[in-house]
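Heads up, the thing below is written out as structure tokens.
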Protein chains: 2
Amino acid sequence: MITSFAGESKHFLDEKSRLSIPAKYRRWLTEEDAEYTFVITKGADPCLIAYPAIEWDMFAEKLRNLSQFKKKNRAFIRTWSRNSIRLKCDKQGRILMPQRLLDFANIKKEVAIIGALNYLELWEPEMLKEHQESQIPLDDDYFEDLADIF
Amino acid sequence: MITSFAGESKHFLDEKSRLSIPAKYRRWLTEEDAEYTFVITKGADPCLIAYPAIEWDMFAEKLRNLSQFKKKNRAFIRTWSRNSIRLKCDKQGRILMPQRLLDFANIKKEVAIIGALNYLELWEPEMLKEHQESQIPLDDDYFEDLADIF
DNA sequence: TATTATTGTGGGTAGATGTGGGGAGAAATC
DNA sequence: GATTTCTCCCCACATCTACCCACAATAATA
């Protein structure tokens, strides 16, 4: 069983737009990720997602099964791919964040890093707060549906 | 069958915010938890919950199967995991408690540790007392409902 | 009760981690 | 080809973590 990410911590971009990935998340990567490679993409929510490269590769593998003959599939694959960047940590465990992605998530300096099972979410703290507050609370129906699974 | 936790005992945080996990609870962990790893989360009541890591991992494994394309799933996973922190006991059987979690449960120095089946509850003693007193007593209807199960 | 083992608590310290910044070489631009 | 920009290595150092040892408190045994 692969150990899942968990927890939240607050970090800061330095002057060079580098983000230090907490050691505990780096350490949870499997052997294949020995070089600490992540794929960063734009999230469906206004945040960035950092997948361990191996996790992203598995997802990409699934996308290959989408038919190329459907226009929407092509569009989705295109959007997904162009927003994903493969980035390696430097020897200090930091990732140099592209400005384009930082802008998308409105990240200036402060970053909330959330370990969420098999990926990390990177949030501008204020955005995270607003987003969580504006959420429709998970209702009974949702948990009823979940109960079918668990 | 896995042995269940039971009992209550009073402990103290030391100067370094370390909480000593009673040996009886550590011993009840299975072989896989040889390193005595817990996942601490915010409870639904104003206390902290400590799961043996293996228990939490089993649940996390299920959550991984929820589709990322559903907004509610993402919200649920985010909320669940950001409040969970994986912590390992040191060689003396103590856990270094993050201030963020201590604040949530209003824990200063004294901690009541309650062993409850497959998890531990960590309470600030005064909070526990108040909470129990303010509770609506369990009524006959509740036990009638229980009777359907047992 | 005395003796031994186990457990809980305190605190020093080496090593791990996070953060900042210089600068060599690569890449892009003119 | 020259200049500028970018990337990533390196070193520095402050902070944090977790190991270790010491010993007190408690439980277990003779």
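Throughout, a chain's letter reflects where its sequence line sits, starting with A, and its residues are numbered from 1.
- When rounded to the nearest whole Å, the span between NZ of A:Lys88 and P of D:dC8 equals 8 Å.
- What separates CD1 of A:Ile113 from C1' of C:dT17 is a distance of 13 Å, to the nearest Å.
- Looking at heavy atoms from C-beta onward, A:Ile107 lies in side-chain contact with A:Leu48 at the 4.5 angstrom threshold.
- Rounded to a whole Å, the CD1 atom of A:Ile21 is 14 Å from the C1' atom of C:dT19.
- Between B:Lys129 and B:Glu124 there is no salt bridge, since no side-chain N of the basic residue sits under 4.0 Å from a carboxylate O of the acidic one.
- Across the protein-nucleic acid pair, B:Asp14 atom CG and D:dC23 atom C1' stand 15 Å apart, rounded to whole Å.
- Residue A:Ala23 places its side chain closer to C:dT17 than to any other of C:dT7, D:dC8, C:dT17.
- Ranking C:dG11, D:dC9, D:dT7 by closeness to the A:Leu96 side chain, first place goes to D:dT7.
- Contact annotation: side chain of B:Lys91 to base of C:dG8, donor-acceptor pair absent below 3.5 Å.
- As a whole-Å value, the separation of B:His11 NE2 from C:dG10 P is 13 Å.
- Salt-bridge formation is detected for the pair A:Asp45/B:Arg78: a Lys NZ or Arg NE/NH1/NH2 atom is positioned less than 4.0 Å from an Asp or Glu carboxylate oxygen.
- Here A:Phe5 and A:Tyr25 bring their ring centres to under 6.0 angstrom of each other.
- A:Tyr25 has its OH atom 15 Å from the C1' atom of C:dG18, to the nearest Å.
- In this entry the distance linking CD of B:Glu15 with C1' of C:dG12 reads 15 Å, nearest Å.
- A straight line from CZ of A:Phe12 to P of C:dG18 spans 14 Å, rounded to a whole angstrom.
- Side-chain nitrogen and oxygen atoms of B:Arg26 include at least one within less than 4.0 Å of the OP1 or OP2 phosphate oxygen of C:dG8.
- You won't find any donor-acceptor pair under 3.5 Å spanning the side chain of A:Arg18 and the base of C:dG18, going by distance alone.
- Among the atoms of the strands shown, base atoms are found under 4.0 Å from some heavy atom of B:Gln92.
- Taking 3.5 Å as the limit, the base of C:dG18 and the side chain of A:Lys10 contain no donor-acceptor pair of atoms between them.
- Ring to ring, A:Trp80 and A:Phe59 are close: their centroids are under 6.0 angstrom apart.
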